[in-house]
Amino acid sequence: MNWIDLSVLFGTLIFIVAYGVWKTRNQYDIEGYLLGDHSMRWGTIGLSVMATQASAITFLSTPGQGYESGMGFVQNYFGLPIALIVVSAVFIPIYYKLRVFTAYEFLESRFDIKTRFLGAFLFLIQRGLAAGITIYAPSIILSTMLGWNLTATILVTGLLVIIYTVSGGTKAVSITQKQQMMVIMGGMFIAFFMILGYISDHVAIGEAVQIAGALEKLNAIDWSIDFSKRYTIWSGLLGGFFLSLSYFGTDQSQVQRYLGGKNAAESRMGLMFNAVLKIPMQFFILFLGVMVYVFYIFNQPPVHFNQESLEVVRNSDNATELVVLENRYDQLLDERIFEAKAFANDEPGSEEQLQAVDASIVSVREEVKGLIAKTDNSISTKDSDYVFLTFIVTYLPHGLIGLLIAVILSAAMSSTSSELNALASTTSVDIYKRLIKRDGSDLHYLNSSRIMTFGWGALAILFAVLAKNSENLIEAVNIIGSLFYGTVLGIFLVAFFFKYIKGTAVFYAAILAESLVIVGFSLPDRLLDIGYLWYNLIGATLVIVFGFILQVIGIGRKVAE
Amino acid sequence: MTELITEAGIGKPPVFKKWRYLYIFVALNFIAIIFLFHQLSIYY
């Protein structure tokens, strides 16, 4: 990175922060601070909901997923449009009718205070952890690739978010997210067209897509019924539906985005905007990753994308073994260019040859990963998160590198700001205002919410600084989410659809269900091997079933007596 | 609470009815996406 990149990067980030602070400088009451004075239109809500979900991890890991495994990951989002229809038709009318600040407030009016606290508590644990990961994930990758100091990167990202989130609350979060989404999508489109431009120096774009298809990178849908597979259309539709329903309907970081709407109609439109555009957006990012794969067929890719891990091997007794693997790798890369060009020219038998040489390349890469693990088993061997950033810093011109790093940091900031905003609202409304000080003035709650936003921000930064290297970042966040989401969703589904079940029964049912989900997840794969998306469905179903059983046997009544 | 839920209009036809064309559009759009992805998977 040179001064042009740094100017673009800091210019973009500082402009967004300053704009957010300036536009929301007159915040005097708690309703304005937590619900944005109900002034948001559907376009702002739609972009804000999208920006909250799309973190930096999305823009670093998803192209890496496309590069490594092709388009299959897109199935993860198949449950989303249906879930958003349910949230629009069922959840939004209730939230608006009850004029709640947080989703968990609703649980008290439907059940009782302990169920409200349980919902709020599960949210605070899960989102509190996720907020740390949201800052940490891009920081570790940026610091490794660009030689930045990890702690300084985390601190700068975290502090920039804290400035406008503390000062302007929900409105600042939504307004800045609109700018951030424009930077993000603008940057990604430019990167995409640059890749296509580079590829067209070697083969036509149509041929590039055919090469990707021959290497099975374009299999977007897997119809097989296999519970151990992470992404199939069934896990996407069912597990993804429950994950999305829980995320958009009960996770305060999303609920707060659409509760700031002018009315229920604006909120619905904002969600439908996402229901239509989210899958195409994910498809685009994955496809970009696939095109990076094709690009690297004609341009030498490193044998492993995390150079820091390779350095460890180079400085060890296994260095000679690495050199042998690298030589074999280089030879195979030359063969692959030859076969890819033959395939583009429709030469008979070239497709099988291309597939065979590509499989050999993948196998050498696996051997290198094995060698890294053999040298130091504490190092993560996954390098897919580094693929897109390696491409950016190696092949994009100066200025664009700065813009793309701004994309990644904007995405990190947009998700973190929603999370801090929601964590502060839940602590302030569901815990502080309900339990500790019930008769404070508006100004008192406004100031306490600001302090809590700052507190959660500081905690997220601390967690990010202390975090260890996680295996695959995007999945780590999803897995943490999935383990709690099912149970929280179960509580809300009972609240909305099963009037027979009362507070005490659902409370114990949720505790029981969450315990079983954690036990199930902790069991070794040979005993229980289920893709993590299924835990959303399992958790929610268990809460409903246990809730019924406990209500029938009169647990709620006995405890109440 | 039963009253509250009813008042709030869960599942009441008008809420769904008013928006049904938008929901149907979103659902059809989703089906079209799956169809296109399937075509992409088998064509390439």
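Chain letters run A, B, ... following the sequence lines, proteins first and then strands; every chain starts at 1. Note that this is a predicted model, so its numbers are computed, not measured.
- Interface remark: A:V209 contributes backbone and side-chain atoms alike to the contact with chain B (heavy atom separation under 4.5 Å).
- Contacts of B:I34 with chain A are made by both backbone and side-chain atoms, with heavy-atom separations under 4.5 Å.
- Heavy-atom distances place no part of A:Y95 under 4.5 Å from chain B, backbone and side chain included.
- A 4.5 Å side-chain heavy-atom check between A:S88 and B:Y23 finds at least one atom pair inside the cut-off.
- Residue A:I85 holds its CD1 atom at 14.0 Å from CZ of B:R20, rounded to the nearest 0.5 Å.
- Within the 4.5 Å cutoff, the side chain of A:R268 has no heavy atoms near those of the B:L22 side chain.
- With a 4.5 angstrom heavy-atom cutoff, A:I211 does not touch chain B via any of its atoms.
- Interface check for chain B: of the options A:A275, A:P81, A:G70, the most heavy-atom pairs under 4.5 Å are formed by A:P81.
- Side-chain contact between A:W223 and B:H38 is present, with heavy atoms from C-beta onward closer than 4.5 Å.
- Residues A:L218 and B:S41 are not in side-chain contact: their nearest non-hydrogen atoms beyond the backbone lie 4.5 Å or more apart.
- Proximity to chain B involves both the backbone and the side chain of A:A265, based on heavy atoms less than 4.5 angstrom apart.
- Contacts between A:I92 and chain B at a heavy-atom distance below 4.5 Å are absent for every atom of the residue.
- Counting heavy atoms from C-beta outward, A:L80 and B:F30 have side chains that stay 4.5 Å or more apart.
- You'll find the side chain of B:V26 stays beyond 4.5 Å of the side chain of A:L84, heavy atoms only.
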Next on the checklist: Applying side chain to side chain contact (heavy atoms under 4.5 Å, CB included) to B:Y44 and A:N219, what does each step give before you reach the verdict?
Outcome noted: CA-CA 8 Å; B:Y44 288 105; A:N219 292 342; over 6 Å; no

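- Closest approach of B:I33 to A:V276, counting heavy atoms only: CD1-O, 4.5 Å.
- Residues A:F283 and B:L40 form a side-chain contact, since some pair of their non-hydrogen atoms from C-beta on lies under 4.5 Å apart.
- For B:Y43, no part lies near chain A; criterion is any non-hydrogen pair under 4.5 Å.
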